[in-house]
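Contents: one structure, followed by commentary.
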Amino acid sequence: MSSLPANRRAALTLFTAVLRDHKPLEDQAEQICRSLEPRDRAFVRMVVATTLRRIGQIDGVLNRCLDRPMPAKLAMVRDVLRLGVAQMVFLDTPAHAVVDTAVQLVKDGKFAPYAGLTNAILRRVARDGKAMAEAIDACRLNTPRWLWNDWVASYGEDTARAIGEAHLGEAPLDISLKPGEDPAVWAERLEAVVLPTGSLRRAAGGVVQDLPGFAEGVWWIQDAAAAMPVRLLGDVQGLSVLDLCAAPGGKTCQLAAAGATVTAIDRSARRLRRVSENLGRLGLSATVQDGDAIVWRPEAPVDAILLDAPCSATGTIRRHPDVARLKKPQDVLDLAATQADLLKASAEMLKPGGLVVYCTCSLQKAEGEDQIAAALETLPFVREPIRPEEIGGLAEMITPDGDLRTLPCHIPQLGGLDGFFAARLRRA
């Protein structure tokens with residue numbers, strides 16, 4: 001029986017599932033790492049996430065160590081090398097442990113003849129890898145070409161570089177408190193800071209369920225940018241509100257905690273179970289309904305709608321580095337069509353004078369600014385501009401048209417934000 005540590009084998013299996021089989025990192029990590037101890041699970045996720053986040057630099061380092069390109073049939077060997085480079089260059093894992101386990105991974109399979117090559121390359125990386133990586137344009141090479149070109153066209157090269165730089169670090173942990181709780185008190189208890197938008201932020205790491213207030217249902221995990229759209233609906237006390245595409249439920253919880261009569265709609269019954277679990281833990285109430293929001297209709301028009309539309313999720317790359325490797329340009333086009341259908345459905349479900357807040361966690365303007373421009377031309381909506389005081393005074397996040405556009409490079413001194421777009425529309 002192999003003495004190879006289970007966490008190293010799990011890391012290779014997980015990396016392969018994401019990069020080769022195009023499966024989401026978090027879903028696969030839950031399955032592949034289920035039998036590991038919490039510390040090993042955290043190690044595996046960190047190694048794989050770092051490799052995905054830095055894969056452009058990693059491949060640049062490996063290319064400098066190879067006399068000729070590695071053939072496609074040696075993809076498994078290259079993946080072992082990639083994981084090894086990530087550990088030594090970016091995670092400061094001791095070189096001897098990395099080299100030994102990498103060689104054993106190669107020896108255990110049909111690629112045993114390449115164990116010597118693996119050993120030689122990683123020993124050179126141990127010696128020169130950090131210097132090689134520093135000489136590589138990290139922001140550019142760690143970003144897929146199509147995304148880079150789109151961001152440069154949309155925001156300019158300086159901002160595209162700032163976005164790419166923000167994606168190189170692990171995202172912090174953001175927390176939304178139930179109304180009535182004192183942010184200063186909970187910031188102290190949770191070793192967090194209070195952001196201008198009202199969210200609490202603490203460093204990533206640790207077991208969320210063990211933190212003060214979790215079991216008591218005082219707060220829930222929600223990125224600070226994702227917490228803004230619900231606030232744009234204003235006072236929802238007593239209003240009928242639809243949360244379309246609701247899972248995993250952070251915005252449903254916000255709406256219910258603010259006193260709205262909420263119906264949460266999502267096509268995935270499995271994902272809706274998590275919405276129900278969160279509501280139960282927090283002692284909140286909402287109607288949870290599985291269905292396709294494009295065709296589902298309420299019994300009567302509602303006062304407000306929160307439409308967190310399905311999107312490419314490119315604004316969450318720092319939190320989910322697999323997104324950069326899983327999404328393609330065609331995904332943006334396909335999702336934009338769905339978003340347009342959902343906006344049309346929202347117009348049909350709103351009372352005259354009602355509000356819809358449309359949002360996506362995408363950096364692509366096709367899923368944000370362009371989508372709203374088209375909706376204003378074809379649907380009975382008028383834009384209601386967002387004011388700086390509604391988002392903690394962060395005026396740089398408001399577009400010239402009055403919509404919200406957060407970028408990963410915003411408020412860098414406090415750890416940045418997920419990329420998010422939101423627009424507020426009133427039904428004519």
Side-chain angles (χ1 to χ4, degrees), residues 1-19 25 28-29 32-67 70 74-109 111-136 138 141-142 165 167-172 203-207 318 321-322 325:
M1 181 179 293
S2 171
S3 61
L4 182 69
N7 58 7
R8 260 60 175 201
R9 192 177 297 281
L12 179 59
T13 301
L14 179 57
F15 183 69
T16 301
V18 175
L19 196 65
L25 174 60
Q28 292 302 299
I32 291 168
C33 301
R34 186 174 294 143
S35 62
L36 298 179
E37 294 295 324
R39 181 177 177 180
D40 286 330
R41 287 200 296 269
F43 172 82
V44 169
R45 194 204 175 279
M46 177 60 73
V47 169
V48 174
T50 300
T51 308
L52 292 168
R53 191 174 278 124
R54 298 275 189 169
I55 197 166
Q57 280 175 287
I58 289 168
D59 283 348
V61 169
L62 289 175
N63 290 342
R64 285 162 170 76
C65 296
L66 291 165
D67 294 331
M70 190 170 281
L74 297 183
M76 179 269 193
V77 177
R78 189 172 189 90
D79 288 348
V80 170
L81 291 169
R82 285 165 157 169
L83 293 167
V85 174
Q87 291 173 76
M88 288 192 292
V89 174
F90 300 111
L91 297 177
D92 293 323
T93 307
H96 66 87
V98 175
V99 176
D100 290 349
T101 54
V103 168
Q104 194 166 341
L105 273 170
V106 173
K107 278 185 176 179
D108 281 357
F111 299 103
Y114 298 93
L117 176 66
T118 300
N119 179 72
I121 290 174
L122 290 182
R123 290 197 180 281
R124 184 179 175 192
V125 170
R127 186 179 67 248
D128 303 325
K130 284 185 180 290
M132 291 178 180
E134 288 172 2
I136 292 170
L141 286 188
N142 290 318
E165 183 70 29
H167 287 163
L168 299 180
E170 188 80 5
V207 180
R318 67 187 190 133
D322 53 317
R325 305 300 152 188

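For clarity, every value in this text was computed on a predicted model and none was experimentally measured.
Results of the side chain to side chain contact (heavy atoms under 4.5 Å, CB included) test with Ile136 over Val61, Asp59, Ile58 single out Val61 as the only residue that passes.
With values rounded to the nearest 0.5 angstrom, His167 atom NE2 is found 13.5 Å from Leu52 atom CG. Going from atom CZ of Phe111 over to atom CG of Leu74 covers 6.0 Å, rounded to the nearest 0.5 Å. Here the OG1-CD distance, from Thr50 to Gln87, works out to 9.5 Å after rounding to the nearest 0.5 Å. With rounding to the nearest 0.5 angstrom, the CZ atom of Arg9 is 6.0 Å from the CG atom of Leu105. Residue Asn142 holds its CG atom at 4.5 Å from CD of Gln57, rounded to the nearest 0.5 Å. In this structure, the separation between CD1 on Ile121 and CG on Leu66 is 4.5 Å, given to the nearest 0.5 Å.
In terms of modelled atom types and a separation under 3.5 Å, the side chain of Arg54 and the main chain of Ala86 share no donor-acceptor contact. For the pair Arg64 (side chain) and Gly60 (backbone), a donor-acceptor distance under 3.5 Å is present. One N or O on the side chain of Asp322 and one on the backbone of Leu25 form a donor-acceptor pair closer than 3.5 Å.
Screening residues 124-134 for side-chain hydrogen bond (donor to acceptor under 3.5 Å, both in side chains) gives Asp92-Lys130 as the qualifying pairs, with residues at least two apart or on separate chains.
Side-chain contact between Val207 and Pro38: absent, with no pair of heavy atoms (C-beta onward) separated by less than 4.5 Å. Between Ile55 and Phe15, the closest side-chain pair of non-hydrogen atoms falls below 4.5 Å. Inter-residue side-chain proximity for Met46 and Leu91 is flagged as met; some heavy-atom pair is nearer than 4.5 Å. A 4.5 Å side-chain heavy-atom check between Phe43 and Glu37 finds every atom pair outside the cut-off.
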*Evaluate side chain to side chain contact (heavy atoms under 4.5 Å, CB included) for Met132 paired with Leu62, printing each intermediate quantity in order.*
CA-CA 9 Å; Met132 291 178 180; Leu62 289 175; over 6 Å; no
_Quick one, Leu117 with Met70, criterion side chain to side chain contact (heavy atoms under 4.5 Å, CB included). Give me CA distance, side-chain angles, the key distance, then yes/no._
CA-CA 11 Å; Leu117 176 66; Met70 190 170 281; 4.2 Å; yes
*Go through the steps for Val125 and Cys65 under the test side chain to side chain contact (heavy atoms under 4.5 Å, CB included), then give the verdict.*
CA-CA 8 Å; Val125 170; Cys65 296; 4.0 Å; yes
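More than 12 heavy atoms of other residues, nucleotides or ligands shown are found within 6.0 angstrom of CE on Met76.
When every heavy atom of Ala126 is checked against every heavy atom of Met88, the shortest pair comes out as CB-SD, 3.8 Å. The shortest heavy-atom contact between Ala138 and Leu168 is CB-CD1, 4.0 Å. Of all heavy-atom pairs between Ala49 and Pro321, the closest is O-CG, 3.7 Å. In terms of heavy-atom proximity, Asn7 sits nearest to Val44 at O-CG2, 3.2 Å. In terms of heavy atoms, Leu122 sits closest to Ala102 at CD1-CB, 3.4 Å. Across Ala29 and Leu14, no two heavy atoms sit closer than the pair N-CD1, 3.5 Å.
Taking 4.0 Å as the cut-off between side-chain N and carboxylate O, Glu170 and Arg45 count as a salt-bridged pair. Between Asp79 and Arg82, at least one side-chain N (NZ, or NE/NH1/NH2) sits under 4.0 Å from a carboxylate O, which counts as a salt bridge.
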